[in-house]
Structures are given as structure tokens and as C-alpha cells.
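Please read the structure below before turning to the comments.
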Number of protein chains: 2
Amino acid sequence: MTDDGRKEPSTREAALAWESLFRAQVALMRRFQRDDVWGPLTIREYDVLFTLSGCPGGSARLRELAENSLLTQPSLSRLVERLEVDGWVTRGPVEGDGRGVAVTLTPAGTELQREVGRRHARSIRHFVGGALDADELATMKALTDKLRAAQAGIPDA
Amino acid sequence: MTDDGRKEPSTREAALAWESLFRAQVALMRRFQRDDVWGPLTIREYDVLFTLSGCPGGSARLRELAENSLLTQPSLSRLVERLEVDGWVTRGPVEGDGRGVAVTLTPAGTELQREVGRRHARSIRHFVGGALDADELATMKALTDKLRAAQAGIPDA
DNA sequence: TGTTGGTCCATGCGTACGCATGGAACGGAG
DNA sequence: CTCCGTTCCATGCGTACGCATGGACCAACA
């Protein structure tokens with residue numbers, strides 16, 4: 001028991017829960033990858049556009065994007081470069097910091113993200129909504145939200 | 001409502017739950033990737049050894065491994081080729097099917113998987129067990145188990 | 001102001017990836 | 001037995017990836 005009264009989980013309990021979470025994510029991701037909804041984008045490129053769509057002004061620093069991605073910073077740098085060539089984002093200076101690069105959705109990028117997002121959302125409803133009911137989804141979301149939020153407060157090793 | 005009485009989730013509910021699950025998995029995976037526990041393996045190579053360690057005789061067909069991986073079949077084929085060169089697995093014929101390739105852990109591969117697995121498990125306890133208590137982990141595991149199991153029964157589109 | 005340490009992004013390079021394809025083996029029909 | 005469609009794995013090829021590094025900029029301090 002910890003001092004806040006929660007029941008400290010064993011290594012085994014934590015490992016089983018993580019494995020289940022991981023496997024579920026892999027199984028779903030495989031289906032989503034196969035979906036014919038991504039248009040000219042890869043799933044990783046869509047993820048960046050999606051992240052941008054949730055940022056104020058559809059704009060974020062490269063560094064912020066890298067924090068929410070499994071890609072390394074150099075890989076993300078080149079992915080954004082490709083997105084710019086294809087006209088979905090622009091790169092510009094960050095006001096007040098000459099080092100930074102501001103990545104901003106173009107109107108075309110915004111529109112593409114919305115289109116793909118709509119199709120993807122239908123697929124999510126099919127595969128996720130078809131497996132769990134509304135209460136179960138709410139419970140799962142609350143737990144995964146808490147799991148992610150806690151990461152900010154857990155030191156590295 | 002469906003005819004079995006469960007409350008049919010909206011697209012929004014399903015999308016929010018999936019996004020939360022996805023983001024939690026990405027956040028944790030980033031920490032695990034940074035962990036200095038993988039020895040000579042990449043995280044994807046470890047995943048294959050781990051999967052094999054749970055198969056009877058530490059052996060599985062290439063096709064079975066591909067089903068539980070985000071890699072494509074050609075990529076997995078070459079990953080296994082590298083694992084064989086490094087001595088962690090062997091490739092052999094499948095009895096009764098001349099097309100198949102049986103991938104089998106060597107003693108060294110078994111030992112390596114166990115070592116890395118122990119270190120990784122400690123990290124899981126730290127980052128996952130440090131965020132949710134035992135009851136919460138059990139609830140999350142039950143939901144993600146159900147989510148993954150349901151995929152087998154949901155048609156493609 | 002000059003220096004030093006840290007942050008942010010880009011680039012060279014070797015490797016692993018996905019896509020398209022090919023060859024070998026299975027299985028059922030005629 | 002032969003054919004034909006399917007399954008399973010390997011390989012050629014172009015591209016994206018991660019690692020190591022470098023240059024530009026920021027912030028703090030002597």
C-alpha cells in the first residue's frame with residue numbers, strides 16, 4: 001500500500017495490463033492501416049496533421065510535434081519537409097525564438113485532414129465501437145487518460 | 001441500443017476512447033524505447049522473441065508471427081533473417097507443409113529474451129504500475145482484452 | 001562583451017522499411 | 001494425373017527511418 005491508500009500493483013499485474021493494452025493497440029492499428037481511407041497520406045503523416053488540427057491556429061513547433069510522436073526528431077523533420085513539398089503545411093519562423101520552426105496547416109492540409117479524419121472516424125466506430133459499449137469506452141478512456149497523464153509525474157528510472 | 005441490450009456508442013465516444021488509448025500507448029512506448037534495457041536488440045526484434053517465448057517449444061511459423069506484428073511479411077522475413085544470423089533463432093521446415101518456415105528460439109535467444117524481459121518488466125512496473133493501482137490495471141486489462149478479442153468477430157468494412 | 005553550456009532544427013550516412021513481384025508448395029476439380 | 005487458384009515465403013528496388021553530428025540561436029554569467 002502506498003500512503004495515499006492505493007493498492008500497489010505487482011510487476012506481473014502491471015506487465016499483463018501493459019501487454020493487453022499493447023496487443024489491442026497493435027490489432028486495431030493493423031486494421032486501420034489496411035483501411036482505404038488515407039488518401040495520399042501515410043498513417044504517420046495523418047497523425048501529424050491531426051495533431052496540428054488540434055493546435056491553436058493549426059500551428060505548432062517542430063519540437064512539440066516530436067514530443068507526441070514515436071518518430072525521432074530528424075525523421076519528423078523530414079516528414080514535415082515532405083508535407084510542405086506536397087502543400088499540406090508550411091514552415092515558418094517562431095516569433096521570439098530564432099531557432100524554432102513553426103509548422104502550420106495550409107487550407108488544403110486542413111481540408112485533407114478533415115476528409116481523412118471523417119473516414120477514419122467511421123472506421124473507429126466500426127472496430128472500436130463495435131467491440132465495447134458506451135460505458136466500457138468511457139471507463140477505458142478514463143483509465144488511459146490517467147495512465148498518460150501520470151507519465152508527466154514519473155521520473156525516468 | 002443493440003438487441004443484446006448494450007448501449008451503442010456514438011462515433012465521438014469511440015473516437016475519443018481510441019485516441020486516448022493510442023496516446024497512452026505512444027507515451028509509454030516512447031519511455032520504453034529510451035530505456036537502456038534492450039541490449040543488442042531493437043524493440044521490434046525483442047517483440048518477436050517475446051512472442052516466440054510464448055509459443056509451444058519456442059517455435060512458430062513466420063505467418064503466425066506476422067499476424068501479431070505491425071511489420072509487413074517481407075519486413076518480418078528479413079528481421080527473422082537477421083535474428084538467425086545473430087544466433088537468437090533458427091529457421092527450419094514446417095512438418096507437413098513445404099511452404100512454411102518454422103522460426104525457433106535458440107538457447108541463447110531464450111536466455112536473451114528472459115534477461116531483456118526481466119529488465120523491461122521492471123520498467124513496466126515503474127511506469128505503468130506507478131500510474132494505476134491494481135484494481136484499475138485489472139479493469140483496463142479486461143477492457144483491452146475484450147477489445148482485442150472482439151476484432152476476430154468484426155468483418156472488415 | 002565575450003564566453004560557455006544548452007536548446008532547436010537540419011543533414012550525411014548506413015540500415016530497415018513497404019510495395020510489387022516471383023517461385024515453390026498446397027488443395028480441390030475435372 | 002493435370003490443371004488452376006491460393007497460400008507461404010523470399011527478393012529487387014525505391015524510400016523512410018534512426019544515429020551521429022553540425023550550425024544557428026538563446027540564456028546566464030563573468
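Order of the sequence lines fixes the chain letters, A, B, ..., with proteins taken first and strands second; residue numbering starts at 1 for each chain.
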Rounding to an integer number of Å, can you tell me how far [X] [atom1] sits from [N] [atom2]?
X	N	atom1	atom2	result
A/L71	C/dA16	CG	C1'	14 Å
B/L70	D/dA16	CG	P	19 Å
B/L76	D/dC8	CG	C1'	13 Å
B/Y46	C/dA16	OH	P	21 Å
B/L79	C/dC17	CG	C1'	11 Å
A/M29	C/dG18	CE	P	13 Å
B/R61	C/dA25	CZ	P	14 Å
B/R63	D/dT7	CZ	C1'	8 Å

Go through it in stages, so that I can follow the logic: the residues are B/T144 and A/R23, the test is side-chain contact (heavy atoms from CB on, under 4.5 Å), and I'd like the CA-CA distance, side-chain angles, deciding distance and then a yes or no.
CA-CA 8 Å; B/T144 48; A/R23 297 288 170 214; over 6 Å; no
Does C/dC17 have its OP1 or OP2 closer than 4.0 Å to a side-chain nitrogen or oxygen of B/S75?
no
Using a 4.0 Å heavy-atom cut-off across all strands, classify A/I43 as base, sugar-phosphate, or nothing.
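The residue A/I43 makes no contact with any strand.
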Base, sugar-phosphate alone, or nothing: which one does B/E81 contact when heavy atoms must sit under 4.0 Å apart?
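Here B/E81 touches no strand at all.
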For A/Q73 and for A/Q33, find the nucleotide of DNA chain C with the closest heavy atom, then tell me which residue's nucleotide is more 5'.
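Nearer the 5' end of the strand: A/Q73.
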Considering only [options], which nucleotide approaches the side chain of [X] most closely?
X	options	answer
B/P74	C/dA20, C/dG18, D/dG18	C/dA20
A/R82	D/dC9, D/dA16, C/dC9	D/dA16
A/R99	D/dC25, D/dT11, C/dC26	D/dC25
A/V101	D/dG18, C/dC17, C/dC9	C/dC9

If you assign A/G98 and A/R78 each to the DNA chain D nucleotide with the nearest heavy atom, which residue ends up on the more 5' nucleotide?
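That would be A/R78.
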Position toward the 5' end of DNA chain D (nearest nucleotide), A/E45 or B/S77:
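Looking at DNA chain D, the more 5' nearest nucleotide goes with B/S77.
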Nearest 0.5 Å, what's the CD-OG1 distance between A/E84 and A/T104?
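It is 10.0 Å, given to the nearest 0.5 Å.
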Can you tell me how far NZ of A/K146 sits from NZ of A/K141, rounded to the nearest 0.5 angstrom?
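Between atom NZ of A/K141 and atom NZ of A/K146 there are 14.0 Å.
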Atom CZ of B/R114 with >12 non-hydrogen neighbours under 6.0 angstrom:
no
Within the side chain of A/D86, is there an N or O that forms a donor-acceptor pair under 3.5 Å with the backbone of A/W88?
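Side chain of A/D86 to backbone of A/W88, a donor-acceptor pair under 3.5 Å: no, none is there.
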